Protein chains: 2
Amino acid sequence: MADTGPDLEPEDRRRVVLKDVAALAGVSVKTVSNVVNGYVHVTPATRARVEAAIRELNYRPNLSARNLRQGRSGVIALAVPELDIPYFAELARLVVAAAEERSLTVLVDQTGGDRAREQLVAEGIRAHLIDGLIFSPLALTGEDLAARTDDTPMVLLGERIHHGPADHVVVRNVEAAREATLHLARLGRRRVAAIGAQDHPAAGTARLRLAGYREALAAAGLPADDGLVAPVAAYHRADGARAMARLLDRADPPDAVFCFNDLLALGALRTLLERGVDVPGDIAVAGFDDIEDGRYATPTLTTVAPDKEQLARRAVELLAERMAGAAPAAREIHVPHRLVVRESTAGRPARPAPDPAAAGRTS
Amino acid sequence: MADTGPDLEPEDRRRVVLKDVAALAGVSVKTVSNVVNGYVHVTPATRARVEAAIRELNYRPNLSARNLRQGRSGVIALAVPELDIPYFAELARLVVAAAEERSLTVLVDQTGGDRAREQLVAEGIRAHLIDGLIFSPLALTGEDLAARTDDTPMVLLGERIHHGPADHVVVRNVEAAREATLHLARLGRRRVAAIGAQDHPAAGTARLRLAGYREALAAAGLPADDGLVAPVAAYHRADGARAMARLLDRADPPDAVFCFNDLLALGALRTLLERGVDVPGDIAVAGFDDIEDGRYATPTLTTVAPDKEQLARRAVELLAERMAGAAPAAREIHVPHRLVVRESTAGRPARPAPDPAAAGRTS
DNA sequence: ATCGTTGTATACAACGTTGTAAAGACCTGG
DNA sequence: CCAGGTCTTTACAACGTTGTATACAACGAT
């Protein structure tokens with residue numbers, strides 16, 4: 001608090017700027033800038049002298065200044081509900097990696113799925129700090145997003161907002177849910193339950209997966225019993241565990257369950273185990289997302305595996321296009337998915353199983 | 001690519017800046033700035049006029065300019081090996097939350113545990129973009145860090161670098177590992193194995209936890225058998241699964257295993273399950289980190305639970321102090337931990353299969 | 001030798017913001 | 001009604017960088 005802080009050398013403390021390098025190298029500031037930016041027309045001799053000065057002073061460009069000058073920051077934000085939900089963590093890793101390939105830095109925002117916070121994000125809480133936004137909203141509706149005034153380029157992830165105003169990259173939720181449910185029906189299960197229904201208007205994922213589930217029941221000639229559709233407050237393990245318990249407490253429990261994400265399924269598995277219910281003998285379980293945990297669960301979890309790698313890559317790609325100035329109409333990109341059948345529906349493999357890492361995927 | 005892009009209105013496209021607001025409100029640029037920054041001496045009338053203009057134009061301050069002017073960005077970086085390792089994901093969430101309380105934005109860097117990348121991070125790859133760094137290095141040694149030339153404030157997380165040049169916030173690894181191992185010994189286990197030893201010089205965590213494990217064996221009067229110490233390449237489930245398989249293939253397999261983190265333990269559990277080994281009946285398993293997965297594993301996982309909340313909070317706190325200019329000597333802060341005993345050592349709870357906790361004492 | 005032509009280096013302004021210093025408006029008390 | 005103070009607002013400069021325009025040097029061709 002005292003003064004500007006001559007904690008160390010009074011002068012040396014200052015950050016090194018172009019001017020310092022220029023002085024040491026005996027050239028103009030702009031020449032140093034040119035060297036830093038790889039401008040072609042610089043004599044090898046000059047370049048060498050400048051580079052030596054840069055090294056000697058350990059010069060680092062001031063990004064704030066550069067950004068101010070250039071009007072962009074090279075930073076994009078990734079806004080997700082929570083980082084420690086495995087699906088989003090995996091996505092975050094992939095987005096950061098994809099962004100890096102384009103020399104973009106990722107700033108991570110956690111909305112907690114909270115509507116007010118999501119609105120702030122959409123409204124550009126980080127405006128001018130970021131050049132673009134990859135957003136995975138939970139609570140916002142299509143109208144909310146359409147009403148957005150901030151014009152930072154945005155790409156929506158993993159959620160389908162009908163006629164949204166922005167690009168979105170998604171998996172074919174209805175089809176995928178149908179495939180998973182049909183898989184359960186083809187095992188001969190007659191009472192296939194669903195865990196993960198949600199009421200509120202923004203619950204796009206829940207609605208689509210529920211639709212796929214119902215389509216599959218119809219296609220398989222099974223009756224639709226709304227008592228077998230378990231709503232949840234959120235998509236965490238605990239919700240899945242509770243929902244499973246409620247289903248088991250019914251007079252006519254299900255013989256299969258399709259959970260709208262893997263965390264719900266893992267919670268359900270836990271309840272089944274505690275109750276001594278055999279999986280998949282008594283009840284088969286399938287999930288959605290293919291998070292790593294599912295590959296090590298007991299039993300390993302059958303699940304819909306979206307191509308997350310591509311999800312991330314395409315999102316960054318679309319965003320980069322818009323950041324570069326392209327302004328096509330909102331696009332909807334679908335990434336592939338596949339059903340990965342594991343023990344929770346197919347049963348335990350023969351005794352000697354070598355490497356569990358090989359279960360399901362290349363790893 | 002064509003031109004600068006009159007995709008919309010040729011003029012309206014420009015971002016709104018202070019000047020625009022000032023013009024509309026009929027005041028000077030500085031007055032608008034004063035309003036934005038909550039400067040006290042502004043007439044209510046003026047303030048109202050300015051605020052109206054701000055709303056009308058939807059003005060957002062340009063952070064690059066503000067940062068340039070003020071010499072700081074309000075952004076800190078969190079550098080961790082991988083975001084989809086649950087421990088780091090949880091930590092990331094907590095750090096982001098703690099940072100938010102101080103109006104700091106977090107930028108996440110993934111090093112992959114790669115030495116070159118960690119060096120870049122330490123050397124200030126984001127210099128001038130960030131005001132501080134919270135770093136959880138995997139491959140760097142204390143010397144590497146001491147040799148760092150960048151002077152961005154830094155706090156090290158969860159890793160103990162001896163006599164490091166920076167603050168670090170850590171759990172008492174040796175003590176915690178000792179407690180966990182002693183817990184296994186007190187169950188009556190005689191052949192307690194360890195999974196997670198690592199050779200390379202930077203593996204501080206592995207070394208400390210191994211030391212704690214050995215101390216506990218000595219304290220319990222158990223012989224130290226190096227054949228029971230399983231090295232791993234990394235700390236993922238697959239490594240734990242493989243290491244467990246190797247231990248089981250020995251002529252004299254262990255009757256308990258202390259894994260140096262929960263992922264290793266989860267991998268080990270998977271192998272045990274596949275081999276039909278009863279946990280904790282035949283082999284008791286304990287981990288470290290208390291990640292959520294462990295609470296839903298089969299059986300639920302006994303583990304050392306570091307106070308991650310405090311870990312994150314203290315790290316941000318120390319960093320903020322240094323960013324504010326304080327320059328005390330490097331500090332080492334210890335956060336509390338506790339041993340959470342669950343089914344993997346205590347046995348299945350009574351619920352479904354009446355099975356008293358004493359089941360853990362079978363061997 | 002002179003003229004372009006190309007290649008190299010420079011000065012200056014500008015990006016949008018805020019700190020400084022100072023000017024203007026307004027009040028109080030003599 | 002004015003001196004002296006406080007409150008409010010302003011002009012200007014500066015943060016570090018890069019685009020533009022331009023000066024200067026070196027060159028081959030006339």
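Bear in mind that the values here come from a model prediction, so they are computed numbers and not experimental data. A, B, ... follow the sequence lines: proteins, then strands. Residue 1 opens every chain.
When each of B/Gln70 and B/Tyr39 is assigned the nucleotide of DNA chain D with its nearest heavy atom, B/Tyr39 is the one assigned upstream, toward the 5' end.
From the 5' end on, the contacts that DNA chain C makes with chain A at under 4.0 Å to a non-hydrogen atom open and close at C/dG7 to C/dG16.
In this structure, B/Thr46 reaches the sugar-phosphate backbone alone: every heavy-atom distance under 4.0 Å involves primed, P, OP1 or OP2 atoms, never a base. Using a 4.0 Å heavy-atom cutoff across all strands shown, A/Asn37 reaches sugar-phosphate atoms only and no base atom. As judged by a 4.0 angstrom heavy-atom cut-off over every strand, B/Thr43 is placed among residues touching the sugar-phosphate backbone only.
Side-chain contact between A/Asp109 and A/Phe135 is absent, with no heavy atoms from C-beta onward closer than 4.5 Å. Considering only heavy atoms from C-beta on, A/Leu107 comes within 4.5 Å of A/Leu129 through its side chain. Side-chain contact between A/Thr31 and A/Thr46: present, with at least one pair of heavy atoms (C-beta onward) separated by less than 4.5 Å.
Heavy atoms of other residues, nucleotides or ligands lying less than 6.0 angstrom from CZ of A/Arg72 number 12 at most.
Residues of residues 21-32 of chain A having a heavy atom closer than 4.0 Å to DNA chain D, listed by number: A/Val29, A/Lys30.
Between the A/Asp150 side chain and the A/Thr152 main chain, a donor and an acceptor come within less than 3.5 Å of each other. A donor-acceptor pair under 3.5 Å is absent between the side-chain atoms of A/Arg322 and the main chain of A/Pro153, judged by distance alone.
There is a side-chain donor-acceptor pair under 3.5 Å between A/Asp144 and A/Thr141.
Between B/Leu18 atom CG and D/dT10 atom P there is a gap of 13 Å when expressed in whole angstrom units.
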Please list, one pair per line, the donor and acceptor atoms closer than 3.5 Å that link side chains of residues 48-60 of chain B to other protein atoms, with sequence neighbours excluded.
{"unit_1": "B/Arg49", "atom_1": "NH1", "unit_2": "B/Ala25", "atom_2": "O", "d": "2.6"}
{"unit_1": "B/Asn58", "atom_1": "OD1", "unit_2": "B/Arg60", "atom_2": "NE", "d": "3.4"}
{"unit_1": "B/Asn58", "atom_1": "OD1", "unit_2": "B/Arg60", "atom_2": "NH2", "d": "3.1"}
{"unit_1": "B/Asn58", "atom_1": "ND2", "unit_2": "A/Thr149", "atom_2": "OG1", "d": "3.1"}
{"unit_1": "B/Arg60", "atom_1": "NH1", "unit_2": "A/Glu123", "atom_2": "O", "d": "2.3"}
{"unit_1": "B/Arg60", "atom_1": "NH1", "unit_2": "A/Gly124", "atom_2": "O", "d": "3.1"}
{"unit_1": "B/Arg60", "atom_1": "NH2", "unit_2": "A/Glu123", "atom_2": "O", "d": "2.9"}

